[in-house]
Trainee: 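My structure is below; once you've seen it, I'll send some questions.
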Amino acid sequence: RSKEALLRRSADNLRSPICCIMGHVDTGKTKLLDCIRGTNVQEGEAGGITQQIGATYFPAENIRERTKELKADATLRVPGLLVIDTPGHESFTNLRSRGSGLCDIAILVVDIMHGLEPQTIESLNLLKMRDTEFIVALNKVDRLYGWKPCPNAPILKAMKQQSTDVQNEFNMRVTQIKVQFMEQGLNTELYYKNKEMGKTFSIVPTSAISGEGIPDLLLLLVQWTSKTMVEKLMFSDEMQCIVLEVKVIEGLGTTIDVILINGILREGDQIVVGGMQEPIVTTIRSLLTPHPMKELRIKGSYLHHKELKAAQGIKITAQGLDHAIAGTSLYVVGPEDDLEDIKEAADQDIGTPICIPSRE
Ligand code: GDP
């Protein structure tokens with residue numbers, strides 16, 4: 001497509017939806033992310049979790065490949081899916097809400113053996129407060145007594161392979177969990193039975209160990225967002241970008257990991273980010289991303305880009321980033337812009353950091 005078409009605001013030019021994973025500790029959030037991305041961060045296989053940017057980009061081709069057994073429409077309207085991985089550590093829990101959430105949709109992970117737990121309810125309250133759409137991943141179905149693994153199978157296919165006992169236990173647990181959601185004022189239903197999507201939240205049973213239901217989860221995420229969020233997902237060249245983390249990387253110095261929500265970033269752009277003493281004005285030296293998907297495990301190696309289009313998780317190297325502050329916006333100084341105005345906006349940001357939901 002022509003460069004102009006790529007910049008035009010239209011339903012044919014959507015950005016990737018941004019998705020975050022939330023839920024109670026130990027429900028399998030890390031494992032689920034590992035499973036969809038085909039790595040094993042949880043057991044340290046990727047070796048370099050610190051090397052990563054707190055976001056994984058799943059290109060549409062990859063999603064198509066993973067979901068082909070579901071025989072869905074091959075044309076995905078979004079270029080991919082950006083999943084934000086914000087472990088519940090300090091730098092994130094400190095960030096306060098600014099009303100506008102960063103995520104377009106969330107995965108709320110619930111352990112099928114435990115049902116709703118205290119942090120599930122906290123997550124639910126955050127989601128309600130921000131009016132964020134979410135899908136429930138009802139995880140650990142492989143722990144149902146007598147479960148027969150069907151690696152990476154769509155959930156209905158896997159269910160058909162199970163004994164009556166397993167199916168009964170599954171139905172009983174799902175019913176109980178639906179009641180628990182009801183007690184929180186929410187209607188939920190297994191996604192393949194959900195006739196009122198939008199009013200009733202969908203449940204996708206999953207196993208992050210053997211991969212059942214993962215195709216269903218991926219497909220539902222991209223289909224639902226591209227069907228119902230067209231307006232919100234239309235690419236806009238009005239830049240929206242936030243600093244996720246400030247990290248020192250050997251050989252690169254102090255870098256910032258950012259989420260580009262909308263717009264384009266280019267090598268050489270003059271940028272302004274919030275700083276401890278005063279806003280930092282600098283120039284992008286390099287725009288880096290991890291290798292997509294599997295190659296994430298190639299420790300310490302990044303792809304270099306001349307420019308990147310939203311939505312993306314990006315590592316930026318530049319001079320003078322030592323005192324940058326996570327949670328603030330990044331601004332690009334355009335030819336028409338007044339640097340002082342932008343610095344003022346960046347300064348105001350520091351008082352009201354944007355909220356990135358902590359996973360726990
Ligand atoms: P988090 O705290 O939500 O990130 O949870 P983790 O991903 O660290 O998982 C917690 C524990 O549950 C680990 O021991 C995982 O191996 C295990 N686990 C996660 N998902 C599944 C699953 O689908 N099935 C089973 N049997 N175990 C799981």
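Note that the numbering runs from 1 along the sequence shown for the chain. In each ligand, atom 1 is the first atom listed, and ligand 1 is the first ligand listed.
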Trainee: Between M22, K140, K29, M113, which one has a non-hydrogen atom sitting closest to atom 3 (O) of ligand 1?
Mentor: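 Of the listed residues, K29 has the closest heavy atom.
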Trainee: Flag L32 as yes when one of its N or O atoms lies below 3.5 Å from any N or O atom of ligand 1, and as no otherwise.
Mentor: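 No - when backbone and side-chain N and O of L32 are compared with those of ligand 1, no distance drops under 3.5 Å.
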Trainee: Just jot down the ligand 1 atoms closer than 4.0 angstrom to any heavy atom of K31, in number order.
Mentor: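 That gives atoms 7 (O), 16 (O), 19 (C), 20 (N) of ligand 1.
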Trainee: Within ligand 1, which atoms have a heavy atom of R143 less than 4.0 Å away?
Mentor: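 Reading through ligand 1 atom by atom, the close ones are 26 (N).
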Trainee: Taking only heavy atoms of A208, which atoms of ligand 1 are found under 4.0 Å from at least one of them?
Mentor: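 Counting atoms of ligand 1 from 1, those under 4.0 Å from A208 are 20 (N), 22 (C), 23 (O).
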Trainee: Quick one: do V179 and I112 end up in the same hydrophobic cluster if we chain Ile, Leu, Val, Met, Phe, Trp and Tyr together by side-chain heavy atoms under 4.5 Å apart?
Mentor: no
Trainee: Side chains of N262 and K309: do they bring a donor and an acceptor to under 3.5 Å?
Mentor: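 Note: N262 and K309 side chains miss the donor-acceptor criterion.
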Trainee: How close do L265 and I316 get, heavy atom to heavy atom, and via which atoms?
Mentor: CD1-CD1, 3.9 Å
Trainee: Quick one: does ligand 1 sit under 4.0 Å from the side chain of T30, the backbone, both or neither, non-hydrogen atoms only?
Mentor: both
Trainee: Checking the N or O distance criterion of under 3.5 Å, is ligand 1 in contact with T206?
Mentor: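 Such a contact does not occur with ligand 1.
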Trainee: Centroid separation under 6.0 Å, is that true for the rings of F201 and F181?
Mentor: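 F181 vs F201: aromatic centres not under 6.0 Å.
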Trainee: Check whether any side-chain heavy atom of L260 sits under 4.5 Å from a side-chain heavy atom of Q240, and report yes or no.
Mentor: no
Trainee: With the 4.5 Å side-chain cut-off for hydrophobic clustering, are M182 and L127 part of the same group?
Mentor: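 M182 and L127: separate clusters.
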